[in-house]
Amino acid sequence: AVERASAARSRRERICWARMGQGLSFDLTQGEIEDLQKGCEFKFSQTEIQVLYKRFLKLDKDKKGFISTEEFLAIPEFSLNPLAQRLVSI
């Protein structure tokens, strides 16, 4: 039962972040923010979701709705990490 609950929570977290990449408009509507909060089990405030979304849009240079390996490795703070390549491959 604990494993199932953990798997369900993990799935909800993946859905939460997957939704972050959909609909690449500059701003999220109030309804979208509330949906993301609910999908993330209210772990993030509305302000945090907006900040994360705007950062996501800046990092998703090719506007495909996800951050590619190349885009991650282009972040100076991340690329300087000796484990960066390994982290991206996970």
Side-chain angles (χ1 to χ4, degrees):
V2 172
E3 288 178 17
R4 255 191 338 196
S6 177
R9 184 177 55 243
S10 176
R11 181 177 178 276
R12 281 193 300 273
E13 288 170 1
R14 284 194 309 271
I15 290 169
C16 172
W17 288 109
R19 285 183 187 163
M20 194 70 81
Q22 295 175 358
L24 297 175
S25 63
F26 185 70
D27 287 321
L28 295 168
T29 66
Q30 183 64 32
E32 290 171 325
I33 293 170
E34 290 170 4
D35 286 347
L36 284 165
Q37 273 190 302
K38 186 177 179 181
C40 295
E41 298 177 348
F42 299 93
K43 293 177 185 173
F44 300 99
S45 71
Q46 291 188 6
T47 301
E48 289 171 323
I49 289 173
Q50 290 172 321
V51 169
L52 287 168
Y53 185 70
K54 287 181 182 180
R55 180 69 171 145
F56 169 82
L57 291 176
K58 287 180 183 178
L59 293 173
D60 182 24
K61 303 239 184 253
D62 57 13
K63 307 299 180 218
K64 289 186 177 178
F66 61 91
I67 301 170
S68 68
T69 300
E70 294 78 23
E71 290 166 332
F72 263 118
L73 294 175
I75 303 167
E77 298 86 354
F78 188 76
S79 64
L80 293 175
N81 185 324
L83 298 175
Q85 209 47 343
R86 192 167 175 195
L87 290 168
V88 171
S89 68
I90 294 177

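The first residue of the sequence shown is numbered 1, and numbering continues consecutively from there. In this text the structure is predicted, and so the values were computed from the model without any measurement.
Rounding to the nearest 0.5 Å places CG of Leu36 at 13.5 Å from NZ of Lys43.
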May I have the list of side-chain donor-acceptor pairs in residues 80-90 shorter than 3.5 Å, sequence neighbours left out?
unit_1: Asn81; atom_1: OD1; unit_2: Leu83; atom_2: N; d: 2.7
unit_1: Ser89; atom_1: OG; unit_2: Arg86; atom_2: O; d: 2.8

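A distance-only check finds no donor-acceptor pair linking the side chain of Gln46 to the backbone of Glu34 [under 3.5 Å].
The two atoms that bring Leu57 and Lys63 nearest to each other are O-NZ, 2.9 Å, heavy atoms only. The minimum heavy-atom distance between Ile49 and Ile33, with the atom names listed, is CD1-O, 3.9 Å. For the residue pair Lys61 and Lys58, the shortest heavy atom distance occurs at NZ-O, 3.4 Å.
In terms of hydrophobic clustering, with Ile, Leu, Val, Met, Phe, Trp and Tyr side chains grouped at heavy-atom distances under 4.5 Å, Tyr53 and Ile75 are assigned to a common cluster. The hydrophobic clustering, which links ILVMFWY residues whose side-chain heavy atoms are closer than 4.5 Å, places Phe78 and Leu52 together.
Contacts of Gln50 classified as side chain to side chain donor-acceptor pair (under 3.5 Å), with partners at least two apart in sequence or in another chain: none. With sequence neighbours left out, the side chain to side chain contact (heavy atoms under 4.5 Å, CB included) criterion links Ser68 to Phe66, Glu70, Glu71. Take Glu77 and apply the side chain to side chain donor-acceptor pair (under 3.5 Å) test, not counting sequence neighbours, and it matches no residue.
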